[in-house]
Amino acid sequence: MPSPSQLHTPKRTSPLYTPTDATVIFVLGGPGAGKGTQCAKLVSEYGFKHLSAGDLLREEQDRPGSEFGEMIKTYIKEGTIVPMEVTIQLLENAMSMAIEKEKKKMFLIDGFPRKLDQATTFEATVVPSLFTLFLHCPEDILLQRLLNRGKTSGRADDNADSITKRFRTFIETSMPVVDYYEKNGKVERVQATGTVDEVFATIKERLKERGVEVPKLTFITPSS
Ligand code: ADP
Ligand code: C5P
Ligand code: MG
């Protein structure tokens with residue numbers, strides 16, 4: 001992770017990658033909507049690289065010597081949005097690694113962009129997105145799921161107090177991102193209240209409509 005001074009180097013005037021280098025689908029939804037759960041299923045069927053902004057922030061928070069650790073911890077506990085420079089740099093680093101080392105081209109970026117400035121800056125300096133998958137779920141169900149997850153997740157924000165704050169941030173700060181993309185016809189809204197498999201079946205249909213198909217297996221037959 002670069003130092004804060006490096007994070008503030010002059011912005012690129014064009015994106016680092018083209019949509020041909022990297023196809024990016026943003027996955028949004030309230031806390032507990034099932035973003036991580038559905039991304040895991042998409043990874044195993046489609047071979048996407050899954051990058052969760054929250055996971056990357058938690059990793060950076062716990063990295064010995066990180067100069068952002070304490071700051072990230074406070075934002076996560078309070079359910080507020082970490083300054084975009086940090087999150088975008090973490091995502092860019094992880095994408096570059098996956099492109100170079102794993103030869104990945106298809107990305108699910110989960111829990112990002114959570115704020116309009118993250119959306120516009122990421123698309124202008126890293127890569128434009130293909131579309132946003134939005135998992136829609138009412139708050140009472142989100143609350144049940146998060147409290148249940150909190151029994152085993154060990155997360156500092158899966159408690160009633162942080163959850164209330166995260167819901168507020170979601171409505172006030174993150175929903176405007178969904179509205180912005182929706183106005184541009186770039187959102188696939190999926191009802192996320194069904195079972196995991198039901199939600200996944202709907203997601204697969206929507207991906208197909210957007211031209212994203214399960215890759216065909218190629219069998220290599222030994223030459224005689
Ligand atoms: P997010 O990444 O959006 O915060 P998760 O994928 O971590 O959400 O899911 C939150 C919790 O809800 C987890 O405990 C998960 O097992 C559970 N969960 C996810 N999808 C469903 C679903 N469709 N029905 C019931 N529980 C679900
Ligand atoms: O997506 P997840 O629930 O794992 O995010 C946990 C927390 O990480 C958020 O509540 C927020 O504090 C922080 N976060 C952020 N910016 C993002 C994604 C997550 O600040 N794009
Ligand atoms: Mg998650």
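Both counts, for ligands and for their atoms, begin at 1 and track the order of listing.
When only non-hydrogen protein atoms are considered, atom 8 (O) of ligand 2 lies nearest to I76 CG1, 3.7 Å. Taking atom 23 (N) of ligand 1 as the reference point, the nearest protein heavy-atom neighbour is G194 O, 2.9 Å. At the top of the distance list for atom 15 (C) of ligand 1, counting protein heavy atoms only, stands T37 OG1, 3.8 Å. In this structure, the protein non-hydrogen atom closest to atom 26 (N) of ligand 1 is R145 NE, 3.6 Å. When only non-hydrogen protein atoms are considered, atom 4 (O) of ligand 1 lies nearest to G32 N, 2.9 Å. With respect to atom 20 (O) of ligand 2, the closest heavy atom belonging to the protein is V82 N, 2.7 Å. With hydrogens left out, the protein atom closest to atom 7 (O) of ligand 1 is R149 NH1, 2.7 Å, a heavy atom. When only non-hydrogen protein atoms are considered, atom 11 (C) of ligand 2 lies nearest to T80 O, 3.3 Å. Nearest to atom 8 (O) of ligand 1 among the protein's heavy atoms is G34 N, 3.2 Å. When hydrogens are left out, the protein atom nearest atom 18 (C) of ligand 2 is G111 O, 3.1 Å; that is the closest non-hydrogen contact. Closest protein heavy atom to atom 16 (N) of ligand 2: Q118 NE2, 3.8 Å.
Contact analysis puts R155 in contact with ligand 2, with a non-hydrogen atom separation below 4.0 angstrom. Heavy-atom distances between R58 and ligand 2 reach below 4.0 Å in at least one pair.
Between P15 and E123, the shortest heavy-atom distance links the atoms CG-O, 3.6 Å.
A donor atom on one side chain and an acceptor atom on the other are found under 3.5 Å apart for Y17 and S96.
Sorted by first and then second residue, the ring pair (Phe, Tyr, Trp, His ring centres under 6.0 Å) pairs with a member in residues 98-121 read F26-F112, F112-F122; sequence neighbours excluded.
Near T195, meaning under 4.0 Å from any of its heavy atoms, are these atoms of ligand 1: 23 (N). Taking every heavy atom of G54 and a limit of under 4.0 angstrom, the matching atoms of ligand 2 come to 4 (O), 5 (O). Using a 4.0 Å cut-off to heavy atoms of G36, the atoms of ligand 1 that qualify are 2 (O), 6 (O). Interface atoms of ligand 2 facing Y75, defined by a heavy-atom separation under 4.0 Å, are 12 (O). Proximity to F112 (heavy-atom distance under 4.0 Å) selects the following atoms of ligand 2: 21 (N). Taking every non-hydrogen atom of R166 and a distance limit under 4.0 Å, the qualifying atoms of ligand 2 come out as 3 (O). The V196 neighbourhood of ligand 1 comprises atoms 20 (N), 21 (C), 22 (C), 23 (N), with distances under 4.0 Å to a heavy atom of that residue. Numbered from 1 in the order shown, with element, the atoms of ligand 2 that lie under 4.0 Å from a heavy atom of D157 read 6 (C).
The cationic group of K41 lies under 6.0 Å from the six-membered ring centre of F200 and within 45° of the ring axis, placing it in a cation-pi geometry.
Cluster annotation: I109 is not connected to L207 through the hydrophobic network of ILVMFWY side chains, with a link wherever side-chain heavy atoms come within less than 4.5 Å. I25 and V178 are not part of a single hydrophobic cluster, where members link through side-chain heavy atoms under 4.5 Å apart. If you chain together hydrophobic residues whose side chains sit under 4.5 Å apart, L147 and V196 never meet in one group.
By the 4.5 Å heavy-atom criterion applied to side chains, M71 and Q61 are not counted as neighbours. Using a 4.5 Å cut-off on side-chain heavy atoms (C-beta onward), E139 and L143 make no contact. The side-chain heavy atoms of R168 and T173, taken from C-beta on, include no pair separated by under 4.5 Å.
Using a 4.0 Å cut-off between a side-chain N of Lys or Arg and a carboxylate O of Asp or Glu, E60 and R63 qualify as a salt bridge. Using a cutoff of 4.0 Å between basic side-chain nitrogens and carboxylate oxygens, D158 and R145 are not scored as salt-bridged.
With a 4.0 Å heavy-atom cut-off, ligand 2 is reached by no atom of K115.
Heavy-atom neighbours of K77 NZ from other residues, nucleotides or ligands within 6.0 Å: at or below the threshold of 12. For K186, the NZ atom is densely surrounded, since the number of other residues' heavy atoms within 6.0 Å is greater than 12.
Taking any N or O of G79, backbone or side chain, none lies under 3.5 Å from an N or O belonging to ligand 2. Between V199 and ligand 1, no pair of N/O atoms sits closer than 3.5 Å. By the 3.5 Å distance cut-off applied to N or O atoms, L146 is not counted among the residues near ligand 1. Ligand 1 has an N or O atom lying under 3.5 Å from an N or O atom of A33, backbone or side chain. Considering backbone and side-chain atoms together, R114 places an N or O closer than 3.5 Å to an N or O of ligand 2.
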Step-by-step salt bridge (Lys or Arg N to Asp or Glu O under 4.0 Å) determination, D161 to K165: CA-CA 7 Å; D161 186 39; K165 293 173 175 167; 3.6 Å; yes
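Not one N or O on the side chain of E188 forms a donor-acceptor pair closer than 3.5 Å with the backbone of F134.
Checking L28, L57, I81 against atom 13 (C) of ligand 2, the nearest heavy atom belongs to L57.
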